[in-house]
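Per chain, numbering begins at 1; letters A, B, ... match sequence-line order. What you see below is based on every heavy atom in this structure, not just the backbone, and it leaves out hydrogens, waters and symmetry mates.
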Amino acid sequence: MDKFEKAFNDIIEKDLKVEPRDWMPEKYRKTLIRQVSQHAHSEIIGMQPEGNWLLRAPSLRSKQVLLAKIQDEAGHGLYLYSVAETLGISRQEMNAQLHSGEAKYSSIFNYPTLTWADMGAVGWLVDGSAIVNQVSLQRTSYGPYARGMVRICKEESFHQRQGYEIMVKMAFGTPEQKEMAQDALNRFWEPSLMMFGPHDADSAHSSQSMAWKIKRESNDHLRQRFIDRTVPQAEYLGLTIPDPNIKWNEETGHYDHSPFNWDEFWNVVNGNGPCNQERLDHHKKALSDNTWVREAAAAYAVKTENVVA
Amino acid sequence: MESGDKVWEVFIQKKPGLAFKHVGSCHAYDKKMAIQNARDLYTRRGEGRALWVVPADAIVAVPLDDSEAFFDPGDDKVYRHATFYKTPDGVKYL
């Protein structure tokens, strides 16, 4: 083992942070690029299902809030792209990998947002699940990623609360509104649980990622934490978790639940969800429609920025 | 990277009197765009009132291989620290 590898192992063992210019195993770098770019793409693609309701928000207040939230998601995507760039991949390469299907994004964003209650369910459940995952990642071993997570978690807590606020309004509103809230919960419950990834036993990258402290807690562990937090929140709303086997287990100190429908999960991961094509097409179109802006900006910079060129 | 697109490192001063702190990076084509993008990306919640952007390739760093030898002169001069010196009992304000 050379001195660089030893230095890397020491960092991991002592719970310190690996920094961009430190030596790291090629596999560590690759794993991080895969995970961070997937995380970044999720933030960016995640703007689409919410953007769907921006022009139909029921009040000026809710429109302002939704706009601020979507802007945050764009910001989170950009923080994460910056993190990935420190590992030696360019933003163009990441976009190319997204478009070719080589890089993934969270499957949850391949489900449509059909009613305004979905904006509540997305904030409450999807952001709620993301927060549980991201809080854990604040302790990840790669310094720029950990610092990005701290920043994102601070901002994300508003997202979950605004989602829950919508759920409260709907659940305590008219019977039709309550029905919409229940319907949104029904559709987003299981996909939100799937956001934590496959069971630990079936997760291809998990054990090495845990050893390198890229991941700090296992998929199943984080998923259970999310369930335990969320069930009482649903009870407050007077809504029913769409799983007849959700039950508090005195012995384990956790909620029991039914097995998940993993066929559905893999089907969506592999591109056959209700909105996979639409999400990717929209991203490609936006990037291509903006080409002239980038060209104009480049031409303008050449004209005006001789000093820093 | 696409032609003309550059990475800029972003520094924010939280309050007057504090040092500028590196917060991350952003992309932009020119200085003005860099400072606007940095504002939108890093100061959405009053994180600071002063902002620097620096082209990432303008930053010079000590190569990793050299860092041990490079910083060595600072490691063995204990007399640069106040704790190196003995002060007589009863003498105050030193």
Side-chain angles (χ1 to χ4, degrees), chain A residues 2-4 7-8 19-24 67-69 71-86 89-96 143-145 147-148 150-152 154-155 157-158 287 290-291 293-309, chain B residues 1-15 18-49 51-72 75:
Chain A
D2 63 23
K3 67 169 179 174
F4 293 123
F8 174 83
E19 294 299 331
R21 293 169 57 255
D22 291 340
W23 182 90
M24 59 188 89
L67 192 58
K69 178 179 189 294
Q71 193 189 14
D72 272 355
E73 307 298 3
H76 297 173
L78 294 179
Y79 303 154
L80 287 159
Y81 283 131
S82 290
V83 171
E85 282 173 297
T86 66
I89 184 169
S90 74
R91 211 166 282 189
Q92 264 186 313
E93 284 173 279
M94 286 187 270
N95 278 331
Y145 195 24
R147 293 190 285 274
V150 171
R151 205 180 171 83
I152 287 177
K154 252 189 227 160
E155 300 182 351
S157 59
F158 124 63
L287 198 61
N290 291 334
T291 307
V293 179
R294 294 193 297 279
E295 284 169 2
Y300 183 75
V302 168
K303 259 184 151 173
T304 53
E305 300 260 317
N306 304 328
V307 198
V308 225
Chain B
M1 211 174 308
E2 203 163 276
S3 152
D5 181 19
K6 283 199 302 222
V7 177
W8 304 69
E9 299 299 335
V10 182
F11 300 81
I12 291 175
Q13 186 188 37
K14 206 172 171 189
K15 291 193 280 200
L18 295 180
F20 280 72
K21 199 177 158 197
H22 182 241
V23 292
S25 61
C26 70
H27 278 239
Y29 287 72
D30 60 48
K31 288 183 231 175
K32 192 175 164 196
M33 192 192 284
I35 213 136
Q36 286 170 344
N37 286 355
R39 175 200 61 192
D40 292 348
L41 192 50
Y42 292 103
T43 63
R44 290 196 299 282
R45 291 177 174 79
E47 285 86 343
R49 304 303 297 177
L51 186 72
W52 291 343
V53 289
V54 179
D57 57 15
I59 291 179
V60 183
V62 181
L64 187 64
D65 290 16
D66 300 350
S67 73
E68 218 167 293
F70 191 82
F71 292 107
D72 179 61
D75 290 343

By ring-ring contact (aromatic ring centres under 6.0 Å, His included) - contacts of B:F70 (at least two apart):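 By the ring-ring contact (aromatic ring centres under 6.0 Å, His included) rule, B:F70 matches no residue at all.
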Atom CZ of A:F158: over 12 foreign heavy atoms under 6.0 Å: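 Buried by this count: over 12 neighbours within 6.0 Å.
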Which atom of B:G4 lies closest to which atom of A:A298, heavy atoms considered: CA-CB, 4.2 Å
Closest heavy-atom pair and its distance - A:A297, B:Y29: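 Looking at all heavy atoms of both residues, the shortest contact is CB-CG, 3.6 Å.
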A:R91, part contacting chain B, at a heavy-atom distance under 4.5 Å: side chain
Which atoms of A:E93 approach chain B - backbone, side chain, both or neither, heavy atom under 4.5 Å: neither
For A:Y81, side-chain hydrogen bond (donor to acceptor under 3.5 Å, both in side chains) partners two or more places apart: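 Listed in chain order: A:H41.
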Close approach to chain A in residues 37-45 of chain B, criterion heavy atom under 4.5 Å: B:L41, B:Y42, B:R44, B:R45
Residues in salt bridge (Lys or Arg N to Asp or Glu O under 4.0 Å) contact with B:E47, at least two apart in sequence or another chain: A:R151
